[in-house]
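Taking it in order: structure first as structure tokens, then the write-up.
Proteins get letters first, then strands, A, B, ... in listed order; numbering begins at 1 in each. No experiment lies behind these values; they were computed from the predicted model shown.
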Protein chains: 2
Amino acid sequence: METRIQALRKENKVTQNELADAVDVTRQTIISLERGRYKASLVLAHKIAQYFGLAIEDIFVFDQEDENI
Amino acid sequence: METRIQALRKENKVTQNELADAVDVTRQTIISLERGRYKASLVLAHKIAQYFGLAIEDIFVFDQEDENI
DNA sequence: TTATTATGTCAAGTGTCTTTTACATTTATT
DNA sequence: AATAAATGTAAAAGACACTTGACATAATAA
């Protein structure tokens with residue numbers, strides 16, 4: 001799974017701290033998502049999507065390797 | 001968070017086993033999601049949405065209580 | 001009524017998401 | 001060049017998603 005979080009953040013000139021605060025997680029969580037260390041929970045994905053005014057699928061791009069949970 | 005999984009399953013006359021097999025989890029997982037014991041992971045939510053030909057937000061309905069992760 | 005199918009509970013175990021804390025590096029500003 | 005802001009790493013701990021296995025009940029069919 002790929003995410004467009006970092007790209008969207010830069011397009012909108014938002015820092016990791018600002019996004020983290022907005023969706024109520026720590027900055028570490030944002031870093032980990034952007035660096036692909038792990039995948040967001042459903043609720044967090046929803047909050048991030050809401051923050052950017054997009055649908056979850058517009059930000060989190062699923063690929064073949066997501067056959068595994 | 002509420003889910004429309006059970007409703008969609010019945011509309012489409014799909015059993016828990018069939019859905020579980022289709023999205024590659026155990027039946028217990030489907031039961032737990034339907035009964036609200038826990039929330040799906042992002043990838044599982046995506047697979048279920050794909051299975052029903054809908055967007056994640058059409059199946060998983062987020063509410064105020066989802067302020068917490 | 002008996003057998004089968006579908007749905008449900010419970011509990012223990014594994015792995016992953018998220019937090020916290022502390023520190024390092026890069027980029028921008030002055 | 002020095003300071004601050006933004007981004008990064010690492011590791012431990014807690015919470016939650018998912019599995020497995022065993023068994024119980026409800027609904028449907030033979």
Side-chain angles (χ1 to χ4, degrees):
Chain A
M1 204 198 60
E2 220 183 304
T3 108
R4 291 186 50 229
I5 297 176
Q6 191 164 30
L8 285 165
R9 213 168 42 70
K10 292 190 171 167
E11 278 172 30
N12 293 273
K13 296 209 199 303
V14 175
T15 69
Q16 292 176 335
N17 251 318
E18 286 167 343
L19 176 56
D21 284 356
V23 299
D24 215 40
V25 294
T26 64
R27 192 169 60 85
Q28 293 312 318
T29 298
I30 302 299
I31 291 175
S32 297
L33 296 182
E34 289 189 357
R35 312 240 95 219
R37 280 202 232 289
Y38 55 70
K39 297 163 188 182
S41 70
L42 184 50
V43 174
L44 178 51
H46 173 71
K47 284 176 164 188
I48 293 174
Q50 288 277 101
Y51 179 79
F52 288 115
L54 296 170
I56 291 176
E57 283 95 341
D58 293 332
I59 300 185
F60 300 89
V61 185
F62 302 91
D63 43 30
Q64 307 293 20
E65 296 98 55
D66 293 317
E67 292 314 302
N68 49 341
I69 305 288
Chain B
M1 204 198 58
E2 220 183 306
T3 108
R4 291 186 51 230
I5 297 176
Q6 190 164 32
L8 285 164
R9 216 169 38 73
K10 291 189 170 165
E11 280 173 29
N12 293 274
K13 296 210 199 304
V14 175
T15 69
Q16 292 176 335
N17 252 317
E18 286 167 343
L19 177 55
D21 284 355
V23 299
D24 214 41
V25 293
T26 65
R27 192 168 60 86
Q28 292 311 317
T29 298
I30 302 299
I31 291 176
S32 297
L33 296 182
E34 289 189 357
R35 312 240 98 219
R37 279 201 233 290
Y38 55 71
K39 296 164 189 183
S41 70
L42 184 50
V43 175
L44 179 51
H46 172 70
K47 284 176 163 190
I48 293 174
Q50 288 277 98
Y51 180 80
F52 288 116
L54 296 170
I56 291 177
E57 281 96 341
D58 293 332
I59 300 185
F60 300 89
V61 186
F62 302 90
D63 43 30
Q64 307 294 18
E65 295 99 54
D66 294 315
E67 292 316 300
N68 50 340
I69 306 288

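Atom P of nucleotide dC18(D) and atom CG of D24(B) are separated by 12 Å, given to the nearest angstrom. Rounded to whole angstrom, the span from the CD1 atom of I30(B) across to the C1' atom of dT20(D) amounts to 16 Å. Rounded to an integer number of Å, the gap from CG of L44(A) to P of dT16(C) is 18 Å. Counting to the nearest Å, the P atom of dA13(D) and the OH atom of Y38(A) are 18 Å from each other. Rounding to whole angstrom units, CG of residue L42(A) and P of dA17(D) are separated by 10 Å.
M1(A) and I31(A) fall into different hydrophobic clusters, where Ile, Leu, Val, Met, Phe, Trp and Tyr are joined by side-chain heavy atoms under 4.5 Å apart, directly or via other members.
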Heavy atoms under 4.0 Å is the rule here; annotate nucleotides 3-9 of chain C 5' to 3' with B where the base is hit, S where only the sugar-phosphate is, and - elsewhere.
---SBBB

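Rounded to 10 degrees, the angle separating the terminal axes of the helix from dT1(C)-dA30(D) to dT30(C)-dA1(D) is 40°, with each axis obtained from five end pairs.
With values rounded to the nearest 0.5 angstrom, L44(B) atom CG is found 6.0 Å from I30(B) atom CD1.
In this structure, S41(B) reaches the dC18(D) phosphate: one of its side-chain N or O atoms is under 4.0 Å from OP1 or OP2. Look at T29(A) and you won't find any side-chain N or O under 4.0 angstrom from OP1 or OP2 of dT18(C).
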Compile the donor-acceptor pairs under 3.5 Å between side chains in residues 49-56 of chain A and protein atoms, sequence neighbours left out, one pair per line.
none

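Legend: residues meeting side chain to side chain donor-acceptor pair (under 3.5 Å) with E34(A), ordered by chain and number and at least two apart, are R9(A), Q16(A). Legend: residues meeting side chain to side chain donor-acceptor pair (under 3.5 Å) with T26(B), ordered by chain and number and at least two apart, are T29(B). Legend: residues meeting side-chain contact (heavy atoms from CB on, under 4.5 Å) with D21(B), ordered by chain and number and at least two apart, are absent.
Looking at I48(A) and L33(A), their side chains come closer than 4.5 Å, going by heavy atoms from C-beta outward.
The minimum heavy-atom distance linking D63(B) with E2(B) is given by the pair OD2-N, 4.4 Å.
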